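On a predicted model such as this, the values are computed, not experimentally measured, just so you know.
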Amino acid sequence: MKKLAIIPAYNEEESILQTINDIRENAPEFDFVVVNDRSGDRTLEMCRKDGVKVLNLPINLGIGGAVQTGYLYAYRNGYDVAVQFDGDGQHDAKYLNIMADTLEREQLDMVIGSRFLESGGFKSYALRRFGINFFGVLLKVLFGTRITDATSGMRMCNRRVMELFIKDYPADYPEPETAARLLRHKFRVKEIPVVMRERAGGESSISPGRAVYYMIKVTLAILIERLR
């Protein structure tokens, strides 16, 4: 299969080369592209100096727009598989081939890397864990499928999902909402255990001040998805 890692990056100068080298060393079968979401630091400069392929967005689109750009690039360039691989150093590239093998062998549409299926690794902070558990329960109640790590950005999909996502993708906090969309459309989704690290640099888009907005916005989006 032709496989691509999409690396959304916004002010990731502290971790972007570490992320890229992790893929080079532990998943060399994967091509990769950095989607620079109008970073204000040296992210773009460092990638270009290192010879990395970069999609440089002219304006800041947020995580949803950056990832959707990556899916569009993957779809137009004939990739069979695309995986979101965050530029902050949290994801571990040694799991990419396991995810790809699972996707192909079990004929799945999406594989999600869950930090909660086995012990070890960074489990996120208490407030974030509460939100993750809440969305997992909500998806179970509304769609009949429990996803233990609904906010995980480590998600691999096939061309069928890419085609859906390039037509419509949430601008912010897209992971739980798009999981709901896939479940509503009866796509085959499965989680596998992964170990995640603490972010190596940069700041999370979900600050304590935005946590309430995040919970309300995503909950409403999932409820609307169920009513469609």
Side-chain angles (χ1 to χ4, degrees), residues 1 3-6 8 35 61-76 79-86 91 95 99-100 102-117 124 128-194 205-206 210-228:
M1 294 189 296
K3 298 171 282 191
L4 178 73
I6 300 165
V35 184
L61 295 181
I63 183 63
V67 172
Q68 187 181 38
T69 299
Y71 284 133
L72 181 60
Y73 174 88
Y75 190 80
R76 287 182 173 176
Y79 284 93
D80 303 295
V81 170
V83 60
Q84 180 181 337
F85 196 82
D86 291 347
H91 298 164
Y95 293 103
M99 294 175 74
T102 303
L103 188 81
E104 183 179 23
R105 182 179 64 255
E106 301 187 26
Q107 297 184 333
L108 302 169
D109 295 301
M110 174 170 279
V111 173
I112 300 172
S114 171
R115 75 200 88 182
F116 299 112
L117 292 179
S124 195
R128 184 73 178 266
R129 291 198 303 272
F130 169 80
I132 293 170
N133 186 64
F134 172 79
F135 292 131
V137 172
L138 185 62
L139 291 170
K140 173 66 174 178
V141 170
L142 296 179
F143 300 97
T145 299
R146 179 66 188 271
I147 295 181
T148 65
D149 202 350
T151 68
S152 172
M154 194 173 185
R155 311 190 304 164
M156 183 177 292
C157 67
N158 60 15
R159 286 184 64 81
R160 187 169 169 238
V161 173
M162 286 184 233
E163 187 174 13
L164 179 69
F165 284 170
I166 63 178
K167 294 174 182 176
D168 182 29
Y169 201 76
D172 56 357
Y173 316 127
E175 289 85 6
E177 184 177 345
T178 51
R181 185 169 304 165
L182 294 181
L183 294 175
R184 180 174 72 86
H185 285 285
K186 307 301 182 183
F187 282 74
R188 299 178 297 273
V189 180
K190 180 179 180 177
E191 291 183 295
I192 68 165
V194 301
S205 61
I206 307 176
R210 292 180 63 84
V212 174
Y213 164 78
Y214 168 71
M215 292 295 295
I216 294 173
K217 188 267 183 187
V218 176
T219 299
L220 288 175
I222 292 174
L223 291 171
I224 291 169
E225 190 67 43
R226 183 65 183 89
L227 294 173
R228 286 184 175 181

Compare every heavy atom of Gly153 with every heavy atom of Asp86, then report the nearest pair and how far apart it is. OD2-CA, 4.2 Å
In Å, rounded to the nearest 0.5 Å, how long is the span from CD1 of Ile112 to OG1 of Thr102? 12.5 Å
Would the number of heavy atoms belonging to other residues, nucleotides or ligands and lying under 6.0 Å from CD of Glu106 be above 12? yes
Looking only at non-hydrogen atoms, find the nearest pair between Thr148 and Ser114 and report the distance. OG1-OG, 2.7 Å
Hey, could you give me the CG/NE2 distance between Leu183 and His185, rounded to the nearest 0.5 Å? 10.5 Å
For Val189, does its backbone N or O pair with a side-chain atom of Asp109 as donor and acceptor, under 3.5 Å? no
Distance col, row Thr151:OG1 vs Glu175:CD, nearest 0.5 angstrom, shows 7.0 Å
What pair of heavy atoms forms the shortest contact from Gly64 to Pro174, and how long is it? CA-CG, 4.3 Å
Rounded to the nearest 0.5 Å, how far apart are NE2 of His91 and CE of Met154? 6.0 Å
In sequence, state the C-alpha distance, the side-chain angles, and the governing distance for Phe187 and Met110, and then conclude on side chain to side chain contact (heavy atoms under 4.5 Å, CB included). CA-CA 8 Å; Phe187 282 74; Met110 174 170 279; over 6 Å; no
Hey, does Tyr73 have a side-chain heavy atom less than 4.5 Å from the side chain of Leu4? yes
Side chain to side chain contact (heavy atoms under 4.5 Å, CB included) assessment of Met162 paired with Cys157: CA-CA 7 Å; Met162 286 184 233; Cys157 67; 3.9 Å; yes
What's the shortest heavy-atom distance between Ile63 and Tyr173, and which atoms? CG2-N, 4.0 Å
All N/O donor-acceptor pairs, side-chain side in residues 164-171, below 3.5 Å, sequence neighbours left out:
unit_1, atom_1, unit_2, atom_2, d
Asp168, OD2, Arg181, NH1, 3.4
Tyr169, OH, Arg155, NH2, 2.9

Val218 and Pro176 have their tightest heavy-atom pair at CG1-CB, 3.6 Å
Does a side-chain N-to-carboxylate-O contact under 4.0 Å join Glu225 and Arg228? yes
With a 4.5 Å cut-off on side-chain heavy atoms, are Arg129 and Phe116 touching? yes
Can Ile222 and Thr219 be said to form a side chain to side chain contact (heavy atoms under 4.5 Å, CB included), step by step? CA-CA 5 Å; Ile222 292 174; Thr219 299; 6.0 Å; no
Atom pairs and distances, side-chain donor-acceptor, residues 130-147, under 3.5 Å, sequence neighbours left out:
unit_1, atom_1, unit_2, atom_2, d
Asn133, OD1, Arg146, NH2, 2.9

Verdict with supporting geometry, Lys217 and Glu177, side chain to side chain contact (heavy atoms under 4.5 Å, CB included): CA-CA 10 Å; Lys217 188 267 183 187; Glu177 184 177 345; 3.4 Å; yes
Ignoring hydrogens and geometry, is there a side-chain-to-backbone donor-acceptor pair from Asp149 to Arg115 under 3.5 Å? yes
Shortest non-hydrogen contact between Met99 and Val111, atoms and distance: CE-O, 3.4 Å
Side chains of Val161 and Asn158: does their closest heavy-atom pair fall under 4.5 Å? yes
Using a 6.0 Å distance limit plus a 45 degree cone around the ring axis, check whether Arg159 lies over the aromatic ring of Tyr79. no
